[in-house]
Every structure is written in C-alpha cells, then in structure tokens.
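This report concerns only the one structure given below.
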Amino acid sequence: QVQFVESGGGLVQPGGSLRLSCGVSKRTFSISTMGWYRQAPGKQREVVAAFNSSRHKTYADAVKGRLTISTDNGKSTVYLQMNSLQPDETAVYYCYARHSTTVASWGQGIQVIVSS
C-alpha cells in the first residue's frame with residue numbers, strides 16, 4: 001500500500017540522542033494516521049508516538065518529554081527525535097501509516113541499540 005524509506009538508527013550510549021526518519025516513497029492508499037511503534041527483544045510491539053487524523057500528537061507515557069514526533073511541511077516524512085535514551089529502549093522501531101481500521105503499512109524497521 002505504501003513504501004517507506006527509513007533511516008537514523010544505530011548504536012547510542014545511554015543518555016544519547018537519535019533522530020529517526022521515515023519517508024513515503026510510494027503511496028497507493030490514502031493515509032489517515034502515521035506514527036512509530038517499537039518492539040524490544042522478547043516483548044510485544046508497542047506504540048511510541050503517533051499523529052491522529054487531526055494531526056494531534058500522542059505519546060506513550062514512558063517517552064513523554066523525551067521523544068518527539070514531527071513531519072515535514074509536505075507531511076510526506078515522519079520523524080522521531082529521541083533524547084535521553086535508556087538501555088531498555090533498545091528495540092526495532094517501525095514507522096507505520098494507517099489506511100483504515102484494519103489496513104496499515106509498515107516500514108522494514110530500524111534497529112536502535114542503547115548501550116554503554
């Protein structure tokens with residue numbers, strides 16, 4: 001439905017920062033919402049940050065004040081600025097676009113490792 005180009009992951013020390021980027025390179029379905037999920041080893045995938053259809057930002061409680069979701073002016077790229085990262089936030093981060101209540105597109109995933 002939608003093809004993404006993701007970048008910005010890697011290894012960072014505790015307390016460090018990363019900025020993830022997810023650009024829409026090809027789109028055949030309309031997009032109602034976009035956001036970021038993450039999946040840590042051995043854990044369920046969880047939502048980190050997202051826009052709703054009204055462009056209102058929502059965040060998981062654990063990341064409020066440290067992570068910020070944003071878009072470019074054309075709304076074709078979604079970013080996740082991550083500050084003060086902690087080791088338990090090591091995970092694969094996925095951007096997504098929702099087309100309906102049951103249909104969504106997912107990026108291939110970005111590995112983020114927070115370790116000293």
If you look only at distance, which donor and acceptor atoms sit under 3.5 Å apart when one is on a side chain in residues 97-104 and the other is two or more places apart or in another chain?
from	atom 1	to	atom 2	distance (Å)
Arg98	NH1	Ser100	O	3.2
Arg98	NH1	Thr101	O	3.4
His99	ND1	Ser30	O	2.6
His99	NE2	Ser105	OG	2.8
Ser100	OG	Thr102	N	3.3
Ser100	OG	Val103	N	3.1

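The minimum heavy-atom distance between Ser116 and Pro14, with the atom names listed, is N-CD, 3.6 Å. Scanning all heavy atoms of the two residues, the minimum distance from Met34 to Val24 falls at CE-CG2, 4.1 Å. For Ser21 against Thr77, the heavy-atom pair with the smallest separation is OG-CG2, 3.5 Å. In plain terms, the two heavy atoms of Phe51 and Thr71 that are nearest each other are CE1-CG2, 3.4 Å. Taking each heavy atom of Gly10 and Leu18 in turn, the nearest pair found is O-CD1, 4.0 Å.
One finds the OH atom of Tyr59 at 8.0 Å from the CG atom of Leu80 (value rounded to the nearest 0.5 Å). The OG1 atom of Thr90 lies 7.5 Å from the CD atom of Gln111; values are rounded to the nearest 0.5 Å.
Within the 4.5 Å cutoff, the side chain of Trp36 has heavy atoms near those of the Ile110 side chain. When side chains are defined from C-beta on, Ser115 counts as touching Leu11, because their heavy atoms get closer than 4.5 Å. Proximity of Val112 to Met82: side-chain heavy atoms (C-beta onward) are separated by under 4.5 Å at one or more points.
The backbone N or O of Gln108 lies less than 3.5 Å from a partner atom in the side chain of Glu6, making a donor-acceptor pair. Side-chain N or O atoms of Tyr96 include none that pairs as donor or acceptor with a backbone N or O of Thr33 at under 3.5 Å.
Using a 30° and 60° split on the angle between ring planes, Tyr94 and Trp106 fall in the perpendicular class, above 60°.
Note on Tyr79: it does not cluster hydrophobically with Leu85, by side-chain heavy-atom contacts below 4.5 Å among ILVMFWY residues. Follow the hydrophobic side-chain contacts under 4.5 Å out from Leu20 and you never reach Ile113; the two are in separate clusters.
Partners of Gln81 by side chain to side chain donor-acceptor pair (under 3.5 Å), not counting sequence neighbours, listed by chain and number: Asn83.
Partner Arg38 forms a side-chain contact (heavy atoms from CB on, under 4.5 Å) with one of Val92, Val63, Val47 and no other, that one being Val63.
In Gln86, the CD atom is crowded: over 12 heavy atoms of neighbouring residues, nucleotides or ligands sit closer than 6.0 Å.
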